[in-house]
> 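What follows is a structure written as structure tokens; I'll ask about it next.
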Amino acid sequence: MRTVYVNGEYMPENEASVSIFDRGFLMADGVYEVTSVLGGKLIDFEGHAVRLQRSLDALDMRSPIDREDLLEVHRELVRRNGIDEGMIYLQVTRGSAGDRDFVFPDPETTAPTVVLFTQAKPGLAHSPAAKKGMKVISIEDIRWGRRDIKTVQLLYPSMGKMMAKKAGADDAWMIEDGYVTEGTSNNAYIVKDGKIITRELSNDILHGITRAAVLRFAEEAQMQVEERNFTIEEAQAAEEAFITSASTFVMPVVEIDGVALGDGTPGPVATRLREIYLEESLKAAV
Ligand code: PDD
């Protein structure tokens, strides 16, 4: 049985609970982070901690735990649960004021709820899916306008994954005003004339921590990067496509809306970027 962390305490998962009045439960009034673990170490902890603070600030939520303590909780959960490869999920909500009310409770009297738990994923780094590549479908992006805040409002992304599953695909890319925004839980890229193309940062997409690292590594490896919008048609005609996220690292996309990219196998740019990302991230893991 897992040991989880709830509001300052470690406990077995079956003893952990939060109030039915918690605003995370009633209003999706909460933010989260997913940090991957490789070789028992945290990948890009700093990046996730910085983005957590950004999400909290954007929603006028107090930070319930400082950076050092947060790192210690992550490490302790990895230790207690013997995680070699996997993920740590962290969620902070505005807490429970003991009733349902749209108005935010006074932060002086209502403390945020903090929950962390581990998810073991043996074989995460050497996933067979990365060798095969994934199939995506396109769906309309009907999410709200602050996708840069990592909130727990994940109903539409869940629906998108179900639509993909129903269509025999692995995931969905979302389209707004004719352009790809991002994947349901990842950032989206294409490769054209050897150049890596991905949408620029704005409130329209999540500012991926993996995205930032991958673009940095790509430039260090003298690969060209262009941050601009692209359409599904352009993606279908691209040499390669891929996604990035903390849980998939760099994952090749080999088919978009039934159209195979190139020969339908993972391309060299995505494959190389995955290797570089894993190698460099492991070196910097804490
Ligand atoms: N999802 N875009 C969306 C909509 C996401 O939900 C995520 C992450 C990303 C990639 O961000 P990062 O590289 O920081 O993981 C982009 C996480 C993994 C999840 O919900 O499980």
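One is the number of the first residue; the rest follow in order along the sequence.
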> Does the side chain of H207 reach to within under 4.5 Å of the side chain of N187, using non-hydrogen atoms?
no

> Does atom CD (E220) have a neighbourhood of more than 12 heavy atoms from anything else shown, all under 6.0 Å?
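Counting neighbours around CD of E220, more than 12 heavy atoms of other residues, nucleotides or ligands fall under 6.0 Å, so yes.
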
> Indicate whether the side chain of K121 and that of S247 have a donor and an acceptor atom separated by less than 3.5 Å.
no

> In Å and rounded to the nearest 0.5 Å, what is the CG to CD distance from D66 to E72?
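Result: 11.5 Å between the selected atoms.
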
> Taking salt bridge (charged side-chain N to carboxylate O under 4.0 Å, His left out) as the cut-off, I'd like each qualifying pair that reaches into residues 6-17, sequence neighbours left out, listed once.
R2-E13

> Without swapping roles, check the side chain of T93 against the backbone of G95 for a donor-acceptor pair under 3.5 Å.
yes

> Would you say the side chain of R146 lies within less than 4.5 Å of the side chain of D148, judging by non-hydrogen atoms?
yes

> Just do the salt bridge (Lys or Arg N to Asp or Glu O under 4.0 Å) check on E182 and R211 with the steps written out, would you?
CA-CA 11 Å; E182 58 187 333; R211 177 189 185 279; over 6 Å; no

> Answer with yes or no whether the hydrophobic clustering places I83 together with L116; edges join I, L, V, M, F, W, Y residues whose side-chain heavy atoms lie under 4.5 Å apart.
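Per the 4.5 Å side-chain linkage, I83 and L116 are co-clustered.
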
> If two hydrophobic side chains count as joined below 4.5 Å and joins carry through other members, does V152 share a cluster with I209?
no

> Under a 3.5 Å cutoff, is there a donor and acceptor pairing between the side chains of D204 and T181?
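There is no such pair between these side chains.
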
> State plainly whether one hydrophobic cluster holds both V92 and L42, where clusters connect Ile, Leu, Val, Met, Phe, Trp and Tyr through side-chain heavy atoms under 4.5 angstrom apart.
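Yes, because V92 and L42 connect within a single hydrophobic cluster, where side-chain heavy atoms sit under 4.5 Å apart.
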
> Determine whether Q153 and R147 make a side-chain contact, defined as any pair of heavy atoms from C-beta on separated by less than 4.5 Å.
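No, too far: nothing below the 4.5 Å cut-off.
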
> NZ of K161: more than 12 outside heavy atoms within 6.0 angstrom?
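Buried by this count: over 12 neighbours within 6.0 Å.
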
> Would you say Y189 and V269 make side-chain contact, with heavy atoms under 4.5 Å?
no

> Under 6.0 Å from the CD atom of E227, do we count more than 12 heavy atoms belonging to anything else shown?
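Buried by this count: over 12 neighbours within 6.0 Å.
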
> Would you please say whether a donor-acceptor pair under 3.5 Å links the side chains of K150 and S55?
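There is no such pair between these side chains.
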
> Applying the 4.5 Å side-chain criterion to the ILVMFWY set and letting contacts propagate, would V18 and M27 be lumped into a single cluster?
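No, V18 does not connect to M27 through the hydrophobic network.
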
> Taking atom CZ as the centre, does F25 end up with more than 12 heavy-atom neighbours from other residues, nucleotides or ligands that are less than 6.0 angstrom away?
no

> Check whether D257 reaches the backbone of S138 with its side chain - one donor and one acceptor, N or O, closer than 3.5 Å.
yes

> Minimum heavy-atom separation for T198 and A188, please, with both atom names.
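Heavy atoms of T198 and A188 come nearest at OG1-O, 2.7 Å.
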
> Run through D29, T110, T113 and flag the one making a side-chain hydrogen bond (donor to acceptor under 3.5 Å, both in side chains) with R23.
D29

> Of N7, L56, D69, which is the lone residue that meets side chain to side chain contact (heavy atoms under 4.5 Å, CB included) with P64?
L56

> Are any non-hydrogen side-chain atoms of V254 and P266 less than 4.5 angstrom apart?
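Yes - at least one pair of side-chain heavy atoms lies under 4.5 Å apart.
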
> Pairs under 3.5 angstrom only: tabulate donor-acceptor contacts from the side chains of residues 278-286 to other protein residues two or more places apart or in another chain.
unit_1: E280; atom_1: OE2; unit_2: K283; atom_2: NZ; d: 3.1
unit_1: S281; atom_1: OG; unit_2: Y277; atom_2: O; d: 2.6

> So, the side chain of D170 versus the backbone of K135: is there a donor-acceptor pair under 3.5 Å, distance only?
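A pair under 3.5 Å: yes.
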
> Specify whether Y5 and Y10 have parallel, tilted or perpendicular ring planes, treating 30° as the upper limit for parallel and 60° as the lower limit for perpendicular.
perpendicular

> Give the C-alpha distance, both sets of side-chain angles, the deciding distance and a yes or no for salt bridge (Lys or Arg N to Asp or Glu O under 4.0 Å) between E239 and K195.
CA-CA 10 Å; E239 289 137 33; K195 199 188 281 176; over 6 Å; no

> Using a 3.5 Å distance criterion without hydrogens, assess whether the side chain of R94 forms a donor-acceptor pair with backbone atoms of L59.
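Judged by distance alone, yes, a pair lies under 3.5 Å.
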
> Tracing side-chain links under 4.5 Å among I, L, V, M, F, W and Y, which residues wind up in one group with Y156?
I137, I139, I142, L155, M159, M163, M174

